[in-house]
There are 2 protein chains.
Amino acid sequence: MTYNAAFDSRPTVMSESASTPVDSVLALVQRTSLTRLVGEALEKMILAGELPPGSKLNEVALAERLGVSRGPLREAFRTLEESGLIRQEKNRGAFVREIELSEAADIYEVRAGLDATAGRLLAERATPEQLAVLREFAAGMQRAAGVNDVDAFHALNLAFHDRIVEMTGNAALLDVYRRLVKQLALFRRRNLLAPQAIPHFAEEHSAIVDRIAAGDAAGAAEALHAHARGGRQRMLRDGELGSLPVADEKRA
Amino acid sequence: MTYNAAFDSRPTVMSESASTPVDSVLALVQRTSLTRLVGEALEKMILAGELPPGSKLNEVALAERLGVSRGPLREAFRTLEESGLIRQEKNRGAFVREIELSEAADIYEVRAGLDATAGRLLAERATPEQLAVLREFAAGMQRAAGVNDVDAFHALNLAFHDRIVEMTGNAALLDVYRRLVKQLALFRRRNLLAPQAIPHFAEEHSAIVDRIAAGDAAGAAEALHAHARGGRQRMLRDGELGSLPVADEKRA
DNA sequence: GCTTTGTAGATTGTCAACAATCTGCAATAA
DNA sequence: TTATTGCAGATTGTTGACAATCTACAAAGC
C-alpha cells in the first residue's frame, strides 16, 4: 500500500545516472497503474469530504475530470467498494457510502478489539526507539491539550494510534485497522473532539505508553480497549444529541 | 454479500405469478452483475484449491472459460485483490496470493482478537435460541471427536466460530472476520487438525459456550482468545515441521 | 385531480479493438 | 561456451462504441 520502498533499487549495472530521483520516479511509474492512481485520488476526495457520503459518482463525469476512460475508473470503483468507502447498485451507479450511527458504533467496537491486540503485541516487543517516538507523541498531545489546540490534538491522536498498530509489525492488523479508520472517517457528524475531554484523553495516552513500556501486555491491551470504548461512548452520546433538533452549532 | 433477502419482495401488484421462484430469480438477476458472478466463481475456485496459491490468472483464458469478456473479469480481479485473495503486478498479471507462515501467524493473531471481541459481545446479548444453536454445534463436535471424524469436526469448527461472530449482529466484525478466514484458507500447508488434538478442542468449545451462556463477557473473550492462540501455536509448530524435509505425507 | 403509460435522454453494463509492455528464444559477438 | 541483443508472440493496459437499463417528464385515460 505504501511506496516507501521507492529507493530500494540500487543502481545495479546502468550506473550512468547521477540523478537519484530518476529511478524513484521510474519505480513509481512501474508499479502504478491508472486504476491505482484513480483509486487513490478518489479515496482522497472522499476522505477529504469533497465527495460527501451519499454522493452519486457519475462515471463519465468523473472519468473526464480525472482524464481517464471509464475502464480504469470502474476498476477503481470495485477497489473502493471492497474497502467499504463506496456502495454500488446495479444499473444505478456508485455512491459514497453513508455510515449510520449504529454502524459506526459497530466499527468502533471492532476497532477497540484491534487496538487491544496491538497493545498486547507491542508491549511484548517494543524497542526503545519506538517507545521514544510514542512518548514524543504523548508529550505533543499533552502540549496541544494545554493550549487547547483541538486540530493539532486530533491529528496527533490519529497518528499516535496508527503508529502503535504499525509498530507491531503485523501487516494484517495494520491493514484491517486502517480500513476501519477510513470507514469511520466517513462518519463525521460532529465527530470533533469536545475540548473539555481532551486533557483526559491526553492522560490516557500517557498511561497507555507507560503500560507498553512496562511490557505489561494485558495492561496495555486493557488500557487501549477502554480508551477506544470511551471514544465510542462519546460518539454515541454526541450522535444521539445530534439526531435531536438541538441548536448547538457554534461548537466549530 | 449473502442473498438470503431474495424473498423479501412481496407480490405487490402483479399478482399473476403463482410461481414463487420467479421473483427469487428476478431479485438475483437484479442485483447480480457479471462482475459479481465472476468474482464469486473465482473466489470459489481459489478457496477450493482449484486455483492454487501462486497460480497465474490469465485474462483471456479465464474470460473465455467463464464466458465473459475481459472487462468484468478485470473488475472482479480488483475486488479479489482488495479482499486479499489475489495479487496483481502491473503488466505482469494476477496471481493467487501465497500466504507465508509468518503472515498466517499474523493473521491468526488478529483473528484471535476478533474472536475475543465476538465472545465479549455475544456474552452480553446472546438469546436462548442462539445458545441452543451453539450448544448443538458443541455437541456435534463432541460426537465427531468421539468417532474421530476429522472432516466433520473441521467443518463444524469453521461453522461454529463463524456463527459466533455472526450472532453478535455486528456487520463490520463479521466482514473483517470472514475476510481473514478466507485468507487463512489460502494457507493450507497441512492445515488439517491433528486427530489427537480434536477432543481437547471439543472441550474448549463447550467451555466457550458455557461462558457465553453465563453472560461472562470477559471470560468468554479470554476463552476464545486462548483458543485461537492455541490454534496459532499448533499451526506454527506444524509449519516449522513442514518446512523441514520431513516425510510424513501419509496423514491424508 | 390522480394514476398510468409511453417516450426521450441519460447512465451503466459489456464488448471488441488497438497500444504498450513483457517473455522466451534465436542469432550474434566476445 | 557464454553473454548480449534483437526480434516475434503473448499478455496486459486503455480506449471508444454499442446494448441494456433506468429516470424524468409529458400525455392519455380513469
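Throughout, protein chains are lettered first and strands after them, A, B, ... in sequence-line order, and every chain is numbered starting at 1. Heavy atoms only: backbone and side chains are in, while hydrogens, waters and symmetry mates are out.
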Can you tell me how far P of C/dA19 sits from CZ of B/R70, to the nearest Å?
-> 15 Å
The residue among A/T79, A/V96, A/L80 that forms side chain to side chain contact (heavy atoms under 4.5 Å, CB included) with A/L85 is A/L80
When all nucleic acid strands are considered with a 4.0 Å heavy-atom cut-off, which category describes A/G71: base, sugar-phosphate, or nothing?
-> base
Is there a donor-acceptor contact under 3.5 Å from the side chain of B/N170 to the main chain of A/D106?
-> yes
Quick one: side chains of residues 41-57 of chain A, donor-acceptor pairs under 3.5 Å with protein atoms, not counting sequence neighbours, listed by atom name and distance.
| residue | atom | partner | partner atom | Å |
| --- | --- | --- | --- | --- |
| A/E43 | OE2 | A/K182 | NZ | 3.1 |
| A/E50 | OE2 | A/R65 | NH2 | 2.6 |
| A/S55 | OG | A/P52 | O | 2.5 |

When the nearest nucleotide of DNA chain D is assigned to A/R92 and to A/L34 on a heavy-atom basis, which residue is associated with the more 5' position?
-> A/L34
Quick one, which residues of residues 58-65 of chain B touch DNA chain D with a heavy atom under 4.0 Å?
-> B/N58, B/E59
Output the single nucleotide from C/dT11, C/dT14, D/dT14 whose closest atom is nearest the side chain of A/K56.
-> C/dT11
Assign A/L57 to base, sugar-phosphate, or nothing according to its heavy-atom contacts below 4.0 angstrom with the strands shown.
-> sugar-phosphate
Minimum-distance nucleotide (side-chain atoms of B/T35 versus C/dT14, C/dC15, D/dT14) | C/dT14
Distance-only, no hydrogens or angles: does the A/T117 side chain make a donor-acceptor pair with backbone N or O of A/G113 under 3.5 Å?
-> yes
Run the salt-bridge test on B/E81 and B/R78 with the 4.0 Å N-O cut-off and return the result as yes or no.
-> yes
Length of the line joining A/K90:NZ and D/dA20:P, which is rounded to integer Å = 12 Å
For the side chain of B/P72, counting heavy atoms from C-beta on, which of D/dT12, C/dT12, C/dC15 is nearest?
-> C/dC15
Rounded to the Å, how far apart are B/L73 CG and C/dC15 C1'?
-> 13 Å
The ring-ring contact (aromatic ring centres under 6.0 Å, His included) partners of B/F160 (sequence neighbours excluded) come to B/H205
